[in-house]
Amino acid sequence: MAVLELDSIAKSYGDGPDAVAAIHDVSVAAQEGELLCIVGPSGCGKTTLLRCVAGLLAPTSGQVRMGDEVVTRTPRSMALVFQDYSRSLLPWLDLRHNVTLPLQSRGVGRKERDRMADAALESVGLDGHGHKYPWQLSGGMQQRTAIARALAYEPEILLMDEPFASVDAQTRAELEDLLLDVWSRRALTVLLVTHDIDEAVYLADRVVVLSKSPTRVKESLTVELPRPRDQIRTKELPEFAHMRAQIFASIKEESAHAVS
Amino acid sequence: MRFFTRTRTGRVVLQLALPVFLLWLWWVTSENSTSYAYPPLSDVLEQLREDWMFDQVPTDLVPSLARFSAGYAIAVVAGIAGGLVLGLMPRVQRAAQPVTEFLRAIPPPLLLPFVIVTLGIGNGAKVAVIALGSVWVILLNAVDGVRSVDPVLLDTAASFQLSRRRTIWRVVLPAASPQIAVGMRTGLAVGLIMMIISEMQGSTNGLGYQVLAAQRSFDTASMFAGIIVIGLVGLLVNLGFVLAEKRIMRWYRGARGLLDENEAARPTARRRAAERRTANAAATRDTPSRVAPVHSHLRPTRIRHQEA
């Protein structure tokens, strides 16, 4: 069953003949429990699209639906992880208070909040770091904190905007596996936007390839790779290489269009 | 030379050297002076003791500081509140800009005649002069600070359904606070100036009044003594502000990598409390492995590039 539907989303900036179309027409449906990756060439409006999905930006036309409801602001059952952890974590709060801030508005009691925060921090491997400040930690640990904050919020849908693009390759692989781990342990639908084809194939149940701007859906490919996935063994499989090549060709075609 | 830069005593000695030298210079050059404009430093110090230890403390120093505190407090509250309103509503800000810029451009001492005409010369009028003098720089910095809050932070707040009120208190204000602190610090200096100026017209007490009165009665030693007191008041008020700012804005310097080694290694009060709680909880549970955090404040806590 589709838990999240993007129905003919279009977004343009400006009015009349000067209007610049960023997103032309994007329709995607995420199934319950699915890990869906959206890849596209750089500058194809991935972040714009994700902000529309989260209700942070109103699309020019089309609508985002969760069940029967049209998304106009971020629904309670949705949590976001931004690319730039250093800008989305609050540097004046320690990790625990960063995680508990969203819970306060929900009227969760203080003891319960702390318990939830500690559990979330533990699930991302940050137990015992709760009283440190984000700026005392490495980039990878900061992004773990952002993931913990999203998990403690107990969403049904996790939206991630290039969440691992700002960390080094080693950390990136660790965070990918962390995501697969928490996703497999919770009933969570994940919508992850990335420009990294390997990452998309490695993580996803399904990869949606976007065209260059004005953006539309180019293709949607189901990833049949077995789970649990493994950084070495999965990436050795011929199916992985095949899928990766297929998406790469598709995106390269887009860039070629852009040049001609 | 390393003595002056590397050791605590050395740094103190370095900072005291010039003031001590200047006082000595003042002492020897004024020692046998008979000029009424340049009385011997010994007379000035004698006068300082006589006037300000502590006869004029309750009659002049306290009223001055009380008016200053009230005026500055009003300026801070009004400046931040106004900064939030204008910063969060760009259209209102644009409409108000010509007025705020004009009012800021007026040299604060010119407020005095205006306030005397409208409010008279009572305590309230003096408080108003101080508040009106220092509010603009606080306001304009607050507007800047609020307007330059990172949009990603606002997206974050919105995505987690933080109410507008909570977003302002927990996200916008802290994010704008470094810029607000800059305004408050400048406002502090303006406020002190306005405190003195407001006491030089239609006043019967206060630091500014005493200095002016001493000058007018050709009591130069007393005038110098008053100036020294004013200088010390300014120094201490600024010092207090800087120390408070350093503590409250620790996160800001930390986030910008400006903490020095000593500071970074020193755990904050909150952290010490957290560790005590962990330790107590562990002790009552009697699980030896969890007792470790008790001693963790002995370790340096700078873990910038460590990966879990």
Side-chain angles (χ1 to χ4, degrees), chain A residues 47 51 54-57 73-76 78-94 96-98 101-106 114 124-141 144 146 149-150 152-153 155 159 161 167-168 170-171 174 178, chain B residues 149-167 169-178 248-259 264-265 267-278 281 290 292-293 296-297 300-308:
Chain A
T47 298
R51 293 191 63 206
L56 295 171
L57 190 70
R73 53 176 293 200
T74 315
R76 162 58 196 96
M78 198 185 264
L80 265 84
V81 174
F82 296 85
Q83 173 184 352
D84 209 338
Y85 44 81
S86 66
R87 292 167 64 194
S88 96
L89 293 175
L90 284 54
W92 53 90
L93 296 180
D94 61 18
R96 184 191 257 179
H97 287 88
N98 262 290
L101 181 66
L103 306 176
Q104 291 174 26
S105 1
R106 277 180 22 211
D114 286 353
V124 299
L126 284 176
D127 31 333
H129 292 279
H131 49 258
K132 286 181 188 158
Y133 288 85
W135 38 268
Q136 291 174 314
L137 307 175
S138 68
M141 289 167 95
R144 282 170 193 263
R149 178 172 64 185
Y153 194 64
L159 297 185
D161 182 12
V167 295
D168 60 81
Q170 183 75 44
T171 309
E174 283 170 16
L178 172 74
Chain B
V149 173
D150 195 320
V152 175
L153 276 182
L154 298 177
D155 270 0
T156 304
S159 74
F160 286 115
Q161 296 194 330
L162 261 60
S163 64
R164 190 166 171 80
R165 193 193 165 109
R166 198 179 285 272
T167 302
W169 277 107
R170 305 299 304 272
V171 180
V172 174
L173 264 183
S177 62
I248 298 166
M249 295 290 154
R250 187 178 180 277
W251 65 267
Y252 180 65
R253 287 176 303 130
R256 304 195 60 191
L258 297 173
L259 289 183
T268 58
R270 184 190 274 181
R271 165 140 198 205
R272 281 198 300 272
E275 280 174 356
R276 267 199 303 279
R277 273 199 300 279
T278 317
R290 298 294 284 265
S296 65
H297 66 280
T301 56
R302 190 167 195 162
I303 321 177
R304 186 150 302 167
H305 300 291
Q306 175 190 320
E307 181 52 51

Proximity breakdown for [X] and chain B, heavy-atom pairs closer than 4.5 Å:
| X | value |
| --- | --- |
| A/L89 | backbone |
| A/R76 | both |
| A/P75 | backbone |
| A/Q170 | neither |

Any residue meeting side-chain hydrogen bond (donor to acceptor under 3.5 Å, both in side chains) with A/D114, in chain and number order, not counting sequence neighbours: none
Side-chain donor-acceptor contact under 3.5 Å, A/Y153 with A/R149: no
CE on B/M249 to CZ on B/R256, rounded to 0.5 Å: 12.5 Å
B/D150 portion near chain A, given a 4.5 angstrom heavy-atom threshold: side chain
Interchain contact, B/A157 with chain A, by part (heavy-atom threshold 4.5 Å):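 Neither part, no heavy atoms under 4.5 Å.
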Closest-packed option against chain A by number of heavy-atom pairs under 4.5 Å, given B/D155, B/V171, B/L162: B/D155
Largest heavy-atom contact set with chain A, pairs under 4.5 Å, which of B/S159, B/A175, B/P151: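 Ranked by heavy-atom pairs under 4.5 Å with chain A, first place is B/S159.
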Listed once per pair and sorted, the salt bridge (Lys or Arg N to Asp or Glu O under 4.0 Å) pairs that draw on residues 157-167 of chain B, sequence neighbours left out: none
Pairs of heavy atoms under 4.5 Å with chain B: top-ranked of A/L80, A/L103, A/L159: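 Highest number of heavy-atom pairs under 4.5 Å: A/L80.
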Atom of A/N98, atom of A/P134 and distance for their closest heavy-atom approach: ND2-CG, 3.6 Å
Minimum heavy-atom distance between A/L90 and A/S88, given as atom pair plus value: CD1-O, 3.8 Å
Close side-chain approach of B/W251 and B/P178, heavy atoms under 4.5 Å: yes
